[in-house]
Amino acid sequence: MPSRETTRVAVVGYGYWGAKHVRVLCGLPEVEVTVVDQRPERLDEARRQFPTATTAGDLAEVLDHVDAVVVATPPTTHAQVALHALGAGRPTLVEKPLATSVEDAQAMVAAAAERDAVLMVGHTFEYNAAVWKLKEIIASGELGSVLHIDSARLNLGIYQSDVNVVWDLAPHDLSIISFLLDDMPSSVSAWAHHDLGHQHVDVAYLALDFERIGTRAFVRVSWLNPNKVRSVTVVGDRKMAVYDDLSEIDRIRVYDRGVQPKAAVGLHLTGGPVGYRTGDVVSPHVAFREPLLVQDSHFVECVRTGRRPDTPGERGLDIVRILSALDHARLTGHAVPIDWHDADRPLPARLADAAPVLAGVVLNGEVAS
Ligand SMILES: NC(=O)c1ccc[n+]([C@@H]2O[C@H](COP(=O)([O-])OP(=O)(O)OC[C@H]3O[C@@H](n4cnc5c(N)ncnc54)[C@H](O)[C@@H]3O)[C@@H](O)[C@H]2O)c1
């Protein structure tokens, strides 16, 4: 609401992640927070931790008295809660994944458009300075053509009750990879398994083909791994880069390493069909700010100014479309094409109109700042 000094935000869902939103929002200037959770014990905890926040057991109790809503409830409830908020014209930030079906995500985007209300999806990694730096490195051409991207998000849990490991963890990888490449996959394949006899798959291997730009990505997600791994490796034909989200000091490393056919000059040749080139490993400085703080500050700015978010509802819908195609691929065992020209929102004009990119990709896309 542009004319108000203070922005009143309701955070619906005070669980593991909603509590982080409340911490971040309570620290922002001129923001008042109302915590909404259907569990009274969570509201007691919220009052203990954040005495300045008010609390309520149901969004309906407070919707008339807030300017904006953050939805941090389990994914299967996102659509219902967000449609309630959007129906009242409230700018709404919804955690990833935007929804658990394409139809629900479309309904949310349509409701926002109907009310001219801001709808933003919480793709936290698109507000992460290390991801911006990696995008900048790819766009600069330093890595050469991107041959493939390999992303791994492994841990012991946290097992979710309402979605499987693909819908829980892979939204991050899909948002990071499509953001880095500035493109969407033309087809997807998936293999997944439920090791614990649990109703939801807990280990999955995903493949994304970016036919238009001649590259591909592989994603591993698991709730059943002893080690926590959060890494994205970009393999270029000149250099390679690794983004390790768990590293405090060198989140990004650029390896001047590669493999080339033996015929190439100046290589140290081995007995095999290729020669290996090894050079420096460089870790560029990344001025890091907590991504959730960057994201929620951006949301408050959008609420105050009416600005379109950097991750609008349509972006969330795009990722839900990929997740749905991955479900289909997993169940049928076949690669599933995704026709973005049939989507409600086809590829951005700047992508559709771009000159065809030759095999591999050296992108000239915008660098987030
Ligand atoms: N962006 C990220 O990095 C990130 C990380 C973790 C989780 N998440 C997302 O955050 C969301 C919440 O995940 P979580 O792990 O905190 O879940 P959680 O189960 O820990 O918490 C959910 C809370 O919502 C409450 N709730 C459920 N339905 C409600 C309703 N209709 N009204 C009010 N309260 C309700 C529950 O009582 C619970 O306290 C999920 O969408 C998840 O995908 C995002």
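Each ligand, and each atom within it, is numbered from 1 in the order the structure gives. Note that the structure is predicted; figures quoted are calculated from it, not measured. Both backbone and side-chain heavy atoms feed into the values below; hydrogens, waters and symmetry mates do not.
The ligand atoms of ligand 1 that sit less than 4.0 angstrom from a heavy atom of Ala72 are 11 (C), 12 (C), 22 (C). Taking every heavy atom of Gly13 and a limit of under 4.0 angstrom, the matching atoms of ligand 1 come to 23 (C), 24 (O), 25 (C). Those atoms of ligand 1 that come under 4.0 Å of a heavy atom in Val12, given as number and element, are 32 (N), 33 (C).
In Thr124, the part holding a heavy atom less than 4.0 Å from any atom of ligand 1 is the side chain. Contacts of His172 with ligand 1, taken as heavy-atom pairs under 4.0 Å, involve the side chain alone.
Contact analysis leaves Gln80 out of contact with ligand 1, as no non-hydrogen atom separation drops below 4.0 angstrom. Using a non-hydrogen distance threshold of 4.0 Å, Lys20 does not register as a contact of ligand 1.
Taking distance alone, with nitrogen or oxygen atoms compared against 3.5 Å, Arg39 approaches ligand 1 more closely than that limit. Residue contacts with ligand 1: Gln160 is placed with no nitrogen or oxygen under 3.5 Å of a nitrogen or oxygen of the ligand (distance criterion only).
Taking the ring axis of Phe179 as reference, the NZ or CZ atom of Lys135 stays within 45° of it and closer than 6.0 Å to the ring centre. Annotation: cation-pi pair Arg153/Tyr205 absent, no NZ/CZ under 6.0 Å from the ring centroid and within 45° of its normal. Judged by the 6.0 Å distance and 45° axis criteria, Arg321 is positioned over the aromatic ring of Trp340.
Side-chain contact of Thr278 with Arg257: a donor-acceptor pair under 3.5 Å is absent, judged by distance alone.
Protein heavy atom nearest atom 26 (N) of ligand 1, with residue, atom name and distance: Thr73 CG2, 3.8 Å. Protein heavy atom nearest atom 39 (O) of ligand 1, with residue, atom name and distance: Asp37 OD2, 2.6 Å. Closest to atom 44 (C) of ligand 1, if we only count protein heavy atoms, is Glu95 OE1, 3.1 Å.
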(request) For the pair Arg304 and Thr7, evaluate side chain to side chain donor-acceptor pair (under 3.5 Å) and give the outcome as yes or no after the intermediate values. (result) CA-CA 8 Å; Arg304 287 175 177 161; Thr7 305; 2.7 Å; yes
(message) Apply salt bridge (Lys or Arg N to Asp or Glu O under 4.0 Å) to residues Glu142 and Arg238 and explain how you reach the verdict.
(response) CA-CA 7 Å; Glu142 182 179 359; Arg238 254 183 247 149; over 6 Å; no
